[in-house]
Amino acid sequence: MASGRILLKNDADVAGIREAAAVVERALAAAAELVHPGTPTLRLDQAAEAVIRDAGGRPAFKGYRMGGDTPPFPGSLCISVNDVVVHGFPSAYELREGDVVAVDCGVELGGYFGDFAYTFPVGEISAEAQDLLDTTRAALYEGIEQAGAGRRVGDIGYAIQSYCEGRGYGVVRDLVGHGVGKRLHEPPNVPNLGRRGVGKKLREGLTLCIEPMINGGTGDVTVDDDGWTVRTADGAPSAHYEHMVLVRRGGAEILSSYDLIESALATARGESLAAPAVPVASES
Ligand code: MG
Ligand code: MG
């Protein structure tokens, strides 16, 4: 999938990628508002697609071809519930209390691509499921910390793998992160496992999707007869968080953002974000 040569991005490219990522963020926030028990996952997809099209973008996953005889992907979002790792189809399935649902979104806008993902709890989830989400998310940032110029792809994978395996989780090996920007999937591949100091060197201007897919049990996966839906081999739940980063000297800069998604979640929980933390008035 990620064939061809590595493309380094200039400032104009990065600006275009940020704009595409901002549309992804809004689409995922629209989906986040609908994550509660009883919502068919197709409704998340419809809400996200409306946001993308209103912004003048194109859902990059819809109609995406994997090659071979596999039919094109039917949705604007990949919606992967519980033991589905990634590439789940939006459907009539109604979310249930205790589910974990990974939502991945891709957008093409003005010739640039955004692609990132978030895993949501549905209502109250088990302590075990929450720990899986927390670990996967933390592993994403462990990986990002390794993505400065001069490091290697294996440094990212090593950080993610050691963090998750050290906590008893399974790292999915069959699916990987990737370069992104002018195409949805560019080289290099960015596996979630690896060895320190090994693999392609990270150069300034490289834009990557780092995306740990972490399972509650084994890292082994199977694919359904639809050719897309990836499941954990043992039926344990799985989580997926993805950010887009720009490789820079001194460290990676995150080009995507979870801010709007988390505002939507906080609003759904009835938390007030607007209240100032300290009194506004001051004396003297
Ligand atoms: Mg993605
Ligand atoms: Mg991706």
Side-chain angles (χ1 to χ4, degrees), residues 1-4 6-7 9 17-18 20-32 41 44-45 48-49 51-52 57-66 72-81 84-90 100-109 112-120 136-137 139-141 143-144 147 153 156-157 160 171-193 206-214 221 228-230 238-247 252 254-258 261:
M1 65 178 187
S3 57
I6 290 179
L7 302 169
K9 311 304 191 299
I17 293 167
R18 278 186 207 280
V23 177
V24 172
E25 183 185 3
R26 284 159 50 202
L28 287 174
T41 62
L44 277 58
D45 191 68
E49 181 167 349
V51 167
I52 293 166
R58 177 180 72 81
F61 297 168
K62 197 161 202 167
Y64 188 89
R65 290 193 167 273
M66 187 142 48
F73 191 79
S76 295
L77 301 177
C78 294
I79 303 182
S80 305
V81 182
V84 178
V85 178
V86 287
H87 303 165
F89 291 180
V100 293
V101 55
V103 181
D104 194 350
C105 181
V107 167
E108 189 256 314
L109 181 76
Y112 292 102
F113 286 84
D115 168 22
F116 60 100
Y118 194 93
T119 301
F120 299 92
T136 306
R137 186 189 168 115
L140 168 60
Y141 292 99
I144 291 170
V153 165
I156 298 172
I160 292 169
V171 176
V172 175
R173 287 147 202 270
D174 294 3
L175 296 142
V176 296
H178 50 92
V180 69
K182 295 189 174 179
R183 289 190 287 142
L184 180 60
H185 297 124
E186 297 177 1
N189 286 337
V190 183
N192 293 305
L193 67 167
L206 187 57
T207 43
L208 300 173
C209 287
I210 299 178
E211 49 178 315
M213 290 155 265
I214 306 300
V221 297
W228 283 101
T229 309
V230 178
S238 184
H240 178 212
Y241 289 86
E242 176 177 20
H243 262 317
M244 304 166 64
V245 304
L246 168 65
V247 174
I254 302 177
L255 301 177
S256 45
S257 169
Y258 289 158
I261 298 164

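Heavy-atom basis, side chains included; hydrogens, waters and symmetry copies ignored. Counting convention: from 1, in listed order, for ligands and their atoms alike.
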Run Lys9 and Glu186 through salt bridge (Lys or Arg N to Asp or Glu O under 4.0 Å) and show every step you take.
CA-CA 12 Å; Lys9 311 304 191 299; Glu186 297 177 1; 2.8 Å; yes

If you look at His178, which of its N/O/S atoms is nearest to the Mg ion (ligand 2)?
NE2

Quick one about [Y] and [X] (side-chain donor to acceptor, distance below 3.5 Å, no hydrogens or angles considered), yes or no?
X	Y	value
Arg18	Tyr112	no
His243	Glu211	no
His178	Asp115	yes

Is the distance from the Mg ion (ligand 2) to the nearest N/O/S atom of His185 under 2.8 Å?
no

Worked check of ring pair (Phe, Tyr, Trp, His ring centres under 6.0 Å) between Tyr241 and Phe116:
CA-CA 7 Å; Tyr241 289 86; Phe116 60 100; over 10 Å; no

Would you compute the distance between atom SG of Cys105 and atom CG of Leu44 and round it to the nearest 0.5 angstrom?
11.0 Å

How far does CZ of Arg58 sit from CD1 of Ile52, to the nearest 0.5 angstrom?
10.0 Å

Given a cut-off of 2.8 Å, the protein N, O or S atoms lying below it from the Mg ion (ligand 1) are Asp104 OD1, Asp104 OD2, Asp115 OD1, Glu242 OE1

